[in-house]
Visitor: 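Below: one structure in structure tokens.
Worth knowing before you read on, the calculation uses all heavy atoms, side chains too, and leaves out hydrogens, waters and symmetry mates.
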Amino acid sequence: MGSSNTIKNAGIGVIVLVIIVGAYVFLVGDKKEETSLLVKNSAASDVQSSVETTSQLAEVREIVSILNQLKTITIDDAIFKDPAFISLTDFHREISPQPKGRPNPFLPGEGVRVISSGQSGR
């Protein structure tokens, strides 16, 4: 009986060790895959990076391109000064206060007969 407990404890120890090693490898990972990206100026025009693969370089270029496109977006607020916008009317309705219900709606209320599991409904 003592032998089976020892085997069981050893098996659990091995499983825990495998999980710890797997978590370490997953979380820490390979340091070679890290990329460093240094962005200068607010326009992100000068990008210096040490990227090891061309796919990562393409991703960085795509992100910089999207950032540059976003910086060129301007919002024209003239629509808020337009007479058509100003002439819009608000058709909302006031919601009258509603009476509060029971504090706990899941408890049986007045006039509700509760039958315990040991009794029949007859």
Visitor: Closest heavy-atom contact between Ile86 and Lys81?
Guide: CD1-O, 3.5 Å

Visitor: Grouping I, L, V, M, F, W and Y whenever their side-chain heavy atoms are under 4.5 Å apart, do Leu88 and Phe91 come out in a common cluster?
Guide: no

Visitor: What closest approach, in Å, do Pro105 and Pro103 show between heavy atoms, and which atom pair accounts for it?
Guide: CD-O, 3.9 Å

Visitor: Looking at Ile79, I'd like to know if its CD1 atom is crowded, meaning that more than 12 non-hydrogen atoms belonging to other residues, nucleotides or ligands lie closer than 6.0 Å.
Guide: no

Visitor: Not counting sequence neighbours, which residues clear ring-ring contact (aromatic ring centres under 6.0 Å, His included) with Phe85? List them please.
Guide: Phe80

Visitor: If you measure from CD1 on Ile66 to CZ on Arg61, what distance do you get to the nearest 0.5 Å?
Guide: 14.5 Å

Visitor: Please tell me whether Ile12 and Ile20 are part of a single hydrophobic cluster in this structure, the criterion being side-chain heavy atoms less than 4.5 Å apart.
Guide: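 Same hydrophobic cluster.
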
